Protein chains: 2
Amino acid sequence: MRLTSKGRYAVMALVDLARFDGINPVSLRDISLRQGISLDYLEQIFSKLRKKEIVQSVRGTQGGYVLNRKAKEIKLTNIFDAVDEKVKTVQCKKDSKKGCNGKSTKCLTHNLWDELETHINNFFDKKSLDDLVKENFERRL
Amino acid sequence: MRLTSKGRYAVMALVDLARFDGINPVSLRDISLRQGISLDYLEQIFSKLRKKEIVQSVRGTQGGYVLNRKAKEIKLTNIFDAVDEKVKTVQCKKDSKKGCNGKSTKCLTHNLWDELETHINNFFDKKSLDDLVKENFERRL
DNA sequence: TATAAACCTGACCAAAATAGTCAAGTATCA
DNA sequence: TGATACTTGACTATTTTGGTCAGGTTTATA
């Protein structure tokens, strides 16, 4: 099981951006340089974040992106959801015609994976962007 | 983030096997048929489980596999570990020469991923094979 | 002791997902 | 009217996954 870069990058970029929340837009170029993430890739990611109304774009010179909601109200769940980073434990859910592995019944461990998903999602539901910014800020003192 | 089949199959197969714990060896052929997992793939998986002393093989006719420890003492962590299913959230750890993304410092979200790993591993540490067998048995009543 | 059942090993491979790059725009501020 | 920055979509190399295939070896039992 692994977390993909897309999800990680999205969170990193948003933490970077959140530090300037309310001050001025942050350009992707700056984020790219500071976080070491390819600009082109960031654009793909921010396009999705914008569609899900997590950020707002500001065009033109001195433009960039700003948060569309308070950092406290942006949960990691929202971010992962926006960039299609999902916690997938079983395929069975995809085509509900079949059970698991083509059987008509649930596989022996079906409930387990459900539990695990819930467990992980709980973690993401609790954490807000604001939490991350604060943690990071405290660490620097 | 997704869980790979290898980890899932390993757990499914072991739950299947654990139901006959102490009675007689279970052949991979039987598990393959019951769980709908390719025999060849099961062999790969059980080879790893045996090396980590989670199961023991019984050769010859009527042979198969048996648990090498009590089901209660086999945690999911052990199983995942055996089949190289790891919870990987950050790459940074791999080459400790660099920080994250080639920076000399930890990335803004490094602690977050560490926390997440711990959170997930806690879940796996608590669950034993025995728990799963019981849950499954109760569900059938 | 022959043979079939079952384990064991390693090489190989196709498909999917990932992690981007590249190109060609459009909008807007200064 | 540039320069800056967002916007979009197509494309691609690499890696991982999820197996298959071939050719063994070992051992119980008839």
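All figures in this text were calculated on a predicted structure; none of them were measured in a lab. Within every chain, numbering begins at 1; the chains are lettered A, B, ... in the order of the sequence lines, protein sequences first and strands thereafter.
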J.: Given the rule in the side-chain contact (heavy atoms from CB on, under 4.5 Å) test, do B:Val26 and B:Ile31 qualify, once you have shown the distances and angles that lead to the verdict?
T.: CA-CA 7 Å; B:Val26 179; B:Ile31 296 179; 3.7 Å; yes
J.: Using the side chain to side chain donor-acceptor pair (under 3.5 Å) criterion, which residues pair with B:Asn78? Sequence neighbours excluded.
T.: none
J.: Restricting to side chain to side chain contact (heavy atoms under 4.5 Å, CB included), what partner residues turn up for A:Asp125, sequence neighbours left out?
T.: A:Thr77
J.: Please table the atom pairs, donor to acceptor, closer than 3.5 Å between any side-chain atom in residues 40-59 of chain B and protein atoms at least two apart or in another chain.
T.:
unit_1	atom_1	unit_2	atom_2	d
B:Lys48	NZ	B:Asp84	OD2	3.1

J.: In whole angstroms, how far is the P atom of C:dC13 from the OH atom of B:Tyr41?
T.: 18 Å
J.: Kindly write out the residues that satisfy side chain to side chain donor-acceptor pair (under 3.5 Å) with B:Asp131, not counting sequence neighbours, or none if the list is empty.
T.: B:Ser128
J.: Rounded to the nearest Å, what distance is computed from the CG atom of residue A:Leu42 to the P atom of nucleotide C:dT21?
T.: 10 Å
J.: Rounded to whole angstroms, how far apart are CG on B:Asp30 and P on C:dA5?
T.: 13 Å
J.: How long is the line joining OH of A:Tyr9 and P of C:dT18, in whole Å?
T.: 14 Å
J.: Considering every strand and a 4.0 Å limit on heavy-atom distances, what is the contact class for A:Phe46: base, sugar-phosphate, or nothing?
T.: nothing
J.: Between B:Lys48 (NZ) and C:dC8 (C1'), how many Å, whole number?
T.: 14 Å
J.: Could you pull out the protein-nucleic contacts involving nucleotides 8-13 of chain D (nitrogen or oxygen on both sides, under 3.5 Å)?
T.:
unit_1	atom_1	unit_2	atom_2	d
D:dT8	OP2	A:Arg50	NH2	3.4

J.: For C:dC8, does OP1 or OP2 lie under 4.0 Å from any side-chain N or O of B:Ser57?
T.: yes
J.: Among all residues two or more places apart in sequence or in another chain, which pass the side chain to side chain contact (heavy atoms under 4.5 Å, CB included) test with A:Glu115?
T.: B:Phe123, B:Lys127, B:Glu135
J.: Once you round it to whole Å, what is the distance between P of D:dT4 and CG of A:Leu39?
T.: 14 Å
J.: With sequence neighbours left out, write down each residue that passes salt bridge (charged side-chain N to carboxylate O under 4.0 Å, His left out) with B:Asp130, or none if nothing qualifies.
T.: B:Lys134
J.: Can you tell me the distance, in whole Å, between the CD atom of B:Gln56 and the C1' atom of C:dA6?
T.: 16 Å
J.: List, with names and distances, any nitrogen or oxygen atoms from the protein found under 3.5 Å away from nitrogen or oxygen atoms belonging to nucleotides 26-30 of chain D.
T.:
unit_1	atom_1	unit_2	atom_2	d
D:dT26	O4'	B:Arg59	NH2	3.1

